[in-house]
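Single-structure report; data block below.
Along the sequence shown, residues are numbered consecutively beginning with 1. Keep in mind that what you see is a predicted model, and the values were worked out from it rather than measured. Remember, it's 1-based here, ligands and their atoms both numbered in the order they're listed. Excluded from the calculations below are hydrogen atoms, water molecules and symmetry mates; all remaining heavy atoms, backbone and side chain alike, are included.
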Amino acid sequence: MVYLDYNATTPLDPEVVEVITETLTTAWGNPSSSHEAGVKAKHVIATARQQVARMVGAKPSDIIFTSGGTEGNNWILQTALQHFCRGSSKIGLSMGDWNDAKSARNRPHFITSNIEHDSIKLVLEHFLSTGLADVTFIQARPLTGCVHVQDVIDAIGPSTIMVTVMLANNETGVIQPVSEICQRIKSLKRKKGETERILLHTDAAQAIGKIPVDVQELGVDYLTIVGHKFYGPRIGAVFAHNPGEDAPLYPLLFGGGQERNFRSGTENTPMIAGLGKAAELVSSNLDKYQTHMATVRDYLEESLQQTFPDSVSLNGKSPDSQRLPNTCNVSFLGTSLKGHEILSRAVSVQASVGAACHAGDRPSHILLSLGIPETVAWRALRISVGRETTKEDIDLAVQELKSVLDS
Ligand SMILES: O=C(O)CC[SeH]
């Protein structure tokens with residue numbers, strides 16, 4: 001059996017398992033308690049916060065732990081909506097005006113891409129359908145799989161409150177020009193002398209652990225971190241630049257006031273410790289991980305092209321855009337089988353036809369949005385390699401696919 005779906009989720013690194021297991025029995029105290037058991041747990045959390053912060057070039061105080069990427073993305077979008085509301089109330093609009101957010105003059109405007117994960121896409125579609133906000137979905141360009149920076153800039157309007165573009169797409173692996181987008185927006189605001197900030201966010205779920213991610217280099221106000229994409233546990237974190245001061249941050253959850261009142265709920269100390277260890281491993285080994293995954297992914301693509309000459313199409317691969325080192329999206333042109341039918345026959349290959357949250361009962365909307373014909377999108381597989389994937393694994397997988405497609 002060959003596992004080739006690391007963009008869906010990764011196994012826990014053995015060192016992460018070790019830290020989690022140890023923390024379960026040595027730091028079980030309530031981190032809010034002032035006695036020794038609580039202080040011990042609090043210290044574990046502080047160490048993990050430092051490790052996660054170091055991984056993304058942030059200060060520890062900029063990191064707030066969450067249950068995962070979906071919570072993080074929802075939280076940041078809701079924060080932007082609230083920030084607009086509070087700003088509106090400051091500029092003389094009463095809550096009554098805000099409740100009447102249906103009138104365009106009171107509506108915040110979000111800009112995002114059309115290739116985001118559902119935890120961004122569906123939230124913004126909800127804001128749009130309920131009249132709480134206007135949303136511009138920037139079309140990623142078909143040939144490159146990238147959003148164009150100028151398209152983002154051209155979409156900015158007087159009520160634009162947030163721009164959110166994922167750092168790398170989960171299905172094609174195409175890396176988005178987030179740093180350039182942020183730079184252009186900041187310089188635009190400086191030139192116009194406008195004070196009203198446009199909040200900048202990126203969902204870095206698929207990028208962390210595969211390419212360097214540095215919040216200062218990106219220039220974002222917020223960034224979403226997802227543990228189970230980089231051999232960590234199924235929790236996450238958000239980066240917010242000086243939360244509550246530079247980057248507004250309003251609680252989604254109210255309760256015991258944990259995480260400096262930003263995110264209430266007794267902390268999941270063992271999993272936070274595991275997230276910290278996973279982050280430490282990324283900080284220490286990223287170059288090695290990145291090089292290995294790129295080598296194996298490139299070997300996969302060479303093998304596919306040699307095994308299926310002129311009958312495979314590599315979706316998202318373009319000389320004009322960069323991809324994550326571990327991701328291959330390939331369509332098989334010489335078969336009547338659809339991607340999910342290929343996988344159901346290739347019993348020793350564990351890959352996907354796209355995002356795990358989409359069952360595969362329809363072609364990937366990401367591929368369709370890139371202008372890939374439906375017949376080609378239907379026959380796509382998303383194959384994502386990991387830190388331990390070997391060339392022997394690739395040989396086994398390609399042979400299995402050959403036996404299925406030759407039959
Ligand atoms: O499988 C993926 O692309 C991420 C989880 Se929906």
So, does [X] use its side chain to make a donor-acceptor pair with the main chain of [Y] at under 3.5 Å?
X      : Y      : result
Thr390 : Asp393 : yes
Ser369 : Ile366 : yes
Asn326 : Gly386 : no
His117 : Ser119 : yes
Glu116 : Lys121 : no

*Those atoms of ligand 1 less than 4.0 Å from some heavy atom in His117*: 6 (Se)
*Just which atoms of ligand 1 are under 4.0 Å from any heavy atom in Asn170?*
2 (C), 3 (O)
_Give me the residue, atom name and distance of the protein heavy atom closest to atom 6 (Se) of ligand 1._
Cys357 SG, 2.0 Å
*For atom 2 (C) of ligand 1, find the nearest protein heavy atom and state the residue, atom name and distance (0.1 Å precision).*
Arg382 NH1, 3.3 Å
*asked:* Any nitrogen or oxygen of Ala356, side chain or backbone, less than 3.5 Å from one on ligand 1?
replied: yes
*Should the ring pair Phe308 and Phe332 be called parallel, tilted or perpendicular, given that the plane angle runs from 0 to 90° and is split at 30 and 60?*
perpendicular
*Which bit of Glu171 is near ligand 1, meaning a heavy atom under 4.0 Å away: side chain, backbone, both or neither?*
neither
_Against ligand 1, does Lys229 come closer than 4.0 Å with any heavy atom?_
yes
